[in-house]
Amino acid sequence: MQENLVIVESPAKAKTIEKFLGKGYVVKSSFGHIRDLSKKELGIDIQNDFTPHYEISPDKKKTVAELEKLAKEAGTVWLASDEDREGEAIAWHLSQVLGLKDDKTKRIVFHEITKNAILHAIENPRTIDLNLVNAQQARRILDRLVGFELSPVLWKKIKPSLSAGRVQSVAVRLIVEREREIMDFKAAAYYRVLADFTVTDADGKKSAFRAELSKRYATEQEALALLEKCKTAVFTVRNVERKPSKKSPAAPFTTSTLQQEAGRKLGMSVSQTMSVAQRLYEAGYITYMRTDSVNLSGQAIAAAKAEIVKLFGEKYSEVRNYKTKTKGAQEAHEAIRPSYMDKTVIDAAPAEKRLYDLIWKRTIASQMAAAQTERTVVDIEISNAEERFVATGETVLFDGFLKLYSESTEDEAQEGEEALLPPLKQGDRPEAKSVTALQRFTQSPPRYSEASLVKRLEELGIGRPSTYAPTISTIITRGYVVKENREGGKRGYVQLKLEKGEIVRKELSEHVGKEKNKLSPTDIGMLVTDYLDQQFTDVMDYNFTAMVEKEFDEIAEGDKSWVDMIRKFYEKFHSTVDRALESQPVRSSQPHLLGTDPKSGKPVYVKIGRFGPVAQIGDADDAEKPRFASLRKGQLIASITLEEALDLFTLPRTVGEFEEKEVVIGIGRFGPYVRHDGKFVSLGKTDDPYTIELDRAVSLIRDKREKDAKAKEPIRTYPEDDGLQVLNGRYGPYIAWQGKNYRIPKGYVPAELTLEQCREIIAKSKK
DNA sequence: CAGTGAGCGAGCTTCCGCTTGACTT
């Protein structure tokens, strides 16, 4: 029997704390919430002051039973869940479920997992803050009411199994609105003029630099006129301005900023980042990864300072305390940082290593001195024109934190950016080697990436660190949003180049619009968003969460009753639900008429059909049945053209025969394919399904046959033991032995496995 | 898994926030 039982939320945390507390304390974890509203029913007695009906979550029964037993035996139970709304509620649910008596129960909190912080907490216990608990109950009940009343409206009015909620519906709305901005965007052309100068210094040494014209032109004529003037112009440096500037490091990582940087720098998805971070946390390498705080413990700041002084010297250190600006942040934890600052590299799998390195650098950099730079702006006069050329350069006087880390941005780098400038002074006469006018285009706003969506949600105070990743997967699995790559396409542009007294005009082309893993709405996502926005304006408001959060804060302060708040909200909300239920269904979205099919003269529609968006030629009541073709990935009802719709009907098409069987080209769920003899082969990246011919299709079929034959061959066999093989399976390479299969642990190269290693793996996995 | 494009109408779907788990051929 233990004197003291301490309950925290996370098992990894429990392990660490147990070490700090030592004898007389047993530390267990609740694995988060142990109770919730019923999964199937509403679980709220609306008639009776919205009394919630809580149930112990099925997967928590075992945990609760164990805690119950330990709590009975313990002298004192210490409820040490996080110090925020959810944590307080967890403590309260525990006290209720475990039947804890007030005189043997203590509530403690700490923001950092250090020995001092924990001992300090033990010395300063308090009681459960029921106001904070009530704020959580209000949050929970509001979310349940919204989700469980809105979703059924969608089932009745649009389509079964859809969902809506305070967070997910707004996330989809952001993506839908961005898509509409992109659809409405008209790229405008303009002309940038760049000059490549050379300047000769006193020793006769020549150096080159680039400058841009202070003005941009709307038309080619204007740009050409300037180039004409440049033919005879004299260029004079009129002014050189040097301005010192300072760059400060970014704050340590929160969940959201970690997701953004891991996305940009390591190409990881939000959920990948979280699962790698989870492993780092469980291995004790980093602090907790679901946090909205940028705060570092005093101990961590001191350790970072020591590390910086050791690695770079005293002048690179600058102690900084960061404050959270995020709306609705609850700051129950520290920022995400290495557990030990002097651990510069870890021994782990590649993804873990890379993410750890990112966290280490960001944390250390946050405690480093600012970078000192000097920006130079050189103004160059054109003798026969009003306009000026401007060259800008930046030199780093002191690198400071940039020695280690600089934050990435999502925008692509601008061409002709800050470079080193040769020393220039007023009155210098640089010579223009060439002057180039380039046609450029204004850019539409970018589609959201997972991480930039998280950033936007965080700015709006919507969602929490623990829900960013699940929210994205919800809106994708519901079919509201897709994560896609876009190939983009060619765009022509004009270049006018003045060189050696002659202007040459060229029409060039560039590849634009290539996108990777960007989020865009589906037709159903747009339809549901429009419907919700129209019927439930309040809940869809970007400020809705911020407004209810304000009320939750008042409840937490004890200035408001949660029942009153919920009642007031529900009265209004429920009447909008009733009104929506009475209105007309939008089940089959209105067919959208695109035009007429030139071949048959029949109308061409697009609409959301039984199996998703579909194009239709002809009317249902025609004598001849209408023809249908599904829209392809990336095509939207709102933006598809008549031509694109008609193209859909040219597939599948038969290109000929091979081995006396038809060869058919089509586009399926997994992209363009060749079908032959009941088998499917994907087309290559460069193959166009609309123009591909029989020869190419047949060679694809032959390649596939060869590849399949190879894939079936074992990766390795062993002459000493012909019952043992390394094979290639659906989930990667594996070991097959005596009719059983064994996973190959990380760190082995399958093709190089020795017989001994295989036997070791088999022996180990038997345990 | 590579198509489908309706009127027999069962029973089901769904929220947000805490936490980690189990593992195929």
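Both backbone and side-chain heavy atoms feed into the values below; hydrogens, waters and symmetry mates do not. It should be emphasised that the depicted structure is a prediction, and the values quoted were computed from it without experimental measurement. In the text below, chain A, chain B and the rest are named by the order of the sequence lines, each starting its count at 1.
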Using the 3.5 Å cut-off, write out each protein N or O paired with an N or O of nucleotides 9-13 of chain B and the distance between them.
unit_1	atom_1	unit_2	atom_2	d
B/dT13	OP1	A/Lys40	NZ	2.1
B/dT13	O2	A/Ser161	N	2.4
B/dT13	O2	A/Ser161	OG	3.2

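- Formation of a donor-acceptor pair under 3.5 Å by the A/Arg653 side chain with backbone atoms of A/Tyr690 is found in this model.
- Between B/dA2, B/dT20, B/dC15, one nucleotide has an atom nearer to the side chain of A/Ser10 than all others, and that is B/dT20.
- The residue A/Gly32 sits close to a base: some heavy atom pair falls under 4.0 Å.
- In the set B/dT20, B/dT19, B/dC16, B/dC16 carries the atom at the smallest distance from any side-chain atom of A/Asp143.
- Nearest nucleotide to the A/Arg166 side chain, out of B/dT14, B/dT20, B/dG17: B/dG17.
- Classification of A/Lys602 and A/Glu624 as a salt-bridged pair holds, one side-chain N sitting under 4.0 Å from a carboxylate O.
- A salt bridge does not link A/Lys15 to A/Glu18: none of the charged side-chain nitrogens sits closer than 4.0 Å to a carboxylate oxygen.
- With rounding to whole Å, A/Tyr281 atom OH is found 11 Å from B/dG21 atom P.
- Of the candidates B/dG17, B/dT14, B/dG3, B/dG3 carries the atom nearest the A/Tyr673 side chain, counting heavy atoms from C-beta on.
- Base contact: A/Gly609 has a heavy atom under 4.0 Å from a base atom.
- Distances shown here put a side-chain N or O of A/Arg675 below 4.0 Å from the OP1 or OP2 atom of B/dG3.
- Residue-nucleotide stacking is present for A/Phe611 and B/dT4, judged by a side-chain ring centre under 5.5 Å from the six-membered base ring centre and planes under 30° apart.
- Side-chain atoms of A/Phe680 lie closest to B/dA2 of the nucleotides B/dG5, B/dA2, B/dC18.
- For the pair A/Lys62 NZ and B/dA22 C1', the interatomic distance rounds to 13 Å; values are reported in whole Å.
- Contact annotation: A/Arg464 reaches the phosphate of B/dC18 (side-chain N/O to OP1 or OP2, under 4.0 Å).
- Between A/Asp59 and A/Ser151, the residue anchored closer to the 5' end of DNA chain B is A/Ser151, taking for each the nucleotide with the nearest heavy atom.
- You'll find that the side chain of A/Glu282 is closest to B/dT20, out of B/dC16, B/dT19, B/dT20.
- Here A/Ile462 contributes atom CD1 and A/Thr471 contributes atom OG1; the two are 10.0 Å apart, rounded to the nearest 0.5 Å.
- Counting non-hydrogen atoms under 4.0 angstrom, A/Gly43 reaches nothing in the nucleic acid.
- Of the two residues near DNA chain B, A/Ile90 and A/Leu150, the one whose nearest nucleotide lies more 5' is A/Leu150.
- Checking B/dC15, B/dG17, B/dT20 against the side-chain heavy atoms of A/Ser163 singles out B/dC15 as nearest.
- Among the atoms of the strands shown, only primed sugar atoms or phosphate atoms (P, OP1, OP2) are found under 4.0 Å from some heavy atom of A/Gln278.
- Contacts of A/Tyr288 with the nucleic acid, taken as non-hydrogen atoms under 4.0 Å apart, involve only primed sugar atoms and P, OP1 or OP2.
- Across the protein-nucleic acid pair, A/Ile34 atom CD1 and B/dT20 atom P stand 16 Å apart, rounded to whole Å.
- Nucleotide B/dT20 holds its P atom 11 Å from the NZ atom of A/Lys15, rounded to whole Å.
- Electrostatic pairing of A/Asp647 and A/Arg632 does not count as a salt bridge here, judged by no charged N lying under 4.0 Å from a carboxylate O.
- With a 6.0 Å radius and a threshold of 12 heavy atoms from other residues, nucleotides or ligands, A/Lys28 has its NZ atom at or below the threshold.
- A/Met274 places its CE atom 14 Å from the P atom of B/dG17, with the value rounded to the nearest Å.
- Residue A/Val614 is in base contact, counting any heavy-atom pair closer than 4.0 Å across all strands shown.
- Using a 4.0 Å heavy-atom cutoff across all strands shown, A/Gly463 reaches sugar-phosphate atoms only and no base atom.
- Between the side chain of A/Arg85 and the main chain of A/Leu132, no donor-acceptor pair closer than 3.5 Å is present.
- Backbone-only contact: A/Ala164 has heavy atoms under 4.0 Å from sugar-phosphate atoms and none from a base.
- Taking only side-chain nitrogens and oxygens, A/Gln168 comes nearer than 4.0 Å to OP1 or OP2 of B/dC16.
- Judged by distance alone with a 3.5 Å cut-off, a donor-acceptor contact links the side chain of A/Arg140 to the base of B/dC15.
- The base of B/dC18 does not come close enough to the side chain of A/Arg290 for any donor and acceptor atom to sit less than 3.5 Å apart.
- In this model, the phosphate group of B/dC23 is not approached by any side-chain N or O of A/Tyr742 to a distance below 4.0 Å at OP1 or OP2.
- Of the candidate nucleotides B/dG5, B/dC18, B/dC16, B/dC16 has the atom lying nearest to any side-chain atom of A/Arg139.
- Across all strands, A/Pro652 comes closer than 4.0 Å to no nucleic acid atom at all (heavy-atom distances).
- Of the possible donor and acceptor atoms, one in the side chain of A/Ser30 sits under 3.5 Å from a partner among the backbone N and O of A/Gly32.
- Contact of A/Ser630 with B/dG3 (side chain to base): no donor-acceptor pair of N or O atoms is detected under 3.5 Å.
- If you take CG of A/Asp292 and C1' of B/dG17, they are 13 Å apart, rounded to a whole angstrom.
- Spacing between atom NZ of A/Lys60 and atom C1' of B/dG17 amounts to 11 Å, rounded to whole angstrom units.
- A salt bridge is defined here as a Lys NZ or Arg NE, NH1 or NH2 lying under 4.0 Å from an Asp or Glu carboxylate O, and A/Asp129 with A/Arg107 fails to meet this definition.
- Rounding to whole angstrom units, CD1 of residue A/Ile44 and P of B/dC15 are separated by 14 Å.
- Remark: side-chain polar atoms of A/Ser256 are not paired, donor with acceptor, to backbone N or O of A/Val454 under 3.5 angstrom.
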